[in-house]
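Start at 1 with the first residue, then count along the sequence.
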Amino acid sequence: MSTAPKSRWDTTADDPAELARLKAEKESKKRLKAEKDRRKAEAAASAAAAAAAAAASTSTSTTTSTQPQPKRRKLDDDNPSTPSPGPPSPADPGPVKLLRFEAPEITPCRHVDNYELLNHIEEGSYGIVSRARDTATGEIVALKKLKLEREKDGFPITSLREIQTLMMCKHPNVVNLREVVMGDRLDQ
């Protein structure tokens with residue numbers, strides 16, 4: 001005879017054999033997890049012991065002197081305090097290679113005379129855009145001459161925002177900002 005369901009959605013009857021099987025399965029999972037945790041703890045302890053042994057073998061009598069240990073060490077080849085090269089051990093992955101990234105060269109602004117004005121394109125609220133040719137490379141570019149006649153406080157913030165936006169924007173339908181050039185006077 002089966003017992004009544006515990007809830008109206010529980011339509012399965014509680015079978016003692018099924019309950020015993022579920023309980024045994026749950027306990028076996030607990031045992032496997034405990035074994036896995038024990039192995040992980042043993043591996044961590046052995047790694048810590050190996051690191052401590054390596055640190056103890058590299059320490060000398062100078063480490064117990066009153067001189068403080070340097071917080072950083074150099075990895076240069078000409079530094080005699082670096083370890084000699086040899087086959088890398090499992091704890092030592094080998095020499096460290098630094099990544100090199102391409103960085104634009106910082107140069108002073110070129111002069112507007114390096115460009116030959118070809119024609120006037122359009123005039124806006126903040127400047128006049130013209131077509132020009134770079135005399136060094138022959139490349140056709142657009143030059144924007146800022147209107148600075150009414151500026152009394154230096155370079156206009158709107159122009160700085162425009163330059164920053166063009167520097168960040170990389171899209172085929174947006175003009176790429178190559179450089180900022182300047183003239184001798186404010187009207188150039």
Subject >> Rounded distance (nearest 0.5 Å) linking atom NZ of Lys36 with atom CG of Leu32 >> reply: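 The CG atom of Leu32 is 10.0 Å from NZ of Lys36, to the nearest 0.5 Å.
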Original post:
Nearest 0.5 Å, what's the NZ-NE2 distance between Lys145 and His120?
Top reply: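 Lys145 NZ to His120 NE2: 10.0 Å, rounded to 0.5 Å.
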**OP:** For Tyr126, look at atom OH and say whether over 12 heavy atoms of other residues, nucleotides or ligands are found less than 6.0 Å away.
**Re:**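 Counting other residues, nucleotides and ligands, OH of Tyr126 stays at 12 neighbours or fewer.
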Original post:
Counting only heavy atoms not in Lys23, do more than 12 sit closer than 6.0 Å to its NZ atom?
Top reply: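 Open.
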Search all heavy atoms of [X] against all heavy atoms of [Y] and return the closest pair with its distance.
{"X": "Gly183", "Y": "Val112", "result": "CA-CG1, 4.0 Å"}
{"X": "Val175", "Y": "Leu166", "result": "O-CD2, 3.8 Å"}
{"X": "Arg38", "Y": "Glu42", "result": "NH1-OE2, 2.5 Å"}
{"X": "Ile121", "Y": "Ser130", "result": "CD1-C, 3.9 Å"}
{"X": "Asp134", "Y": "Arg110", "result": "OD1-NH2, 3.1 Å"}
{"X": "Lys147", "Y": "Ile128", "result": "CE-CG1, 4.3 Å"}

With clusters defined by side-chain heavy atoms of hydrophobic residues (ILVMFWY) lying less than 4.5 Å apart, directly or transitively, does [Y] cluster with [X]?
{"X": "Val174", "Y": "Met168", "answer": "no"}
{"X": "Leu117", "Y": "Ile140", "answer": "no"}
{"X": "Ile163", "Y": "Leu148", "answer": "yes"}
{"X": "Val129", "Y": "Leu160", "answer": "no"}

Look at [X] together with [Y] and state whether they make a salt bridge at an N to O cut-off of under 4.0 Å.
{"X": "Glu27", "Y": "Lys30", "answer": "no"}
{"X": "Arg31", "Y": "Glu35", "answer": "no"}
{"X": "Glu18", "Y": "Arg21", "answer": "yes"}

I want to check something: taking the side chain as every heavy atom from C-beta on, are [X] and [Y] in contact at a cut-off of under 4.5 Å?
{"X": "Asp184", "Y": "His111", "value": "yes"}
{"X": "Val141", "Y": "Tyr115", "value": "yes"}
{"X": "Lys144", "Y": "Glu162", "value": "yes"}

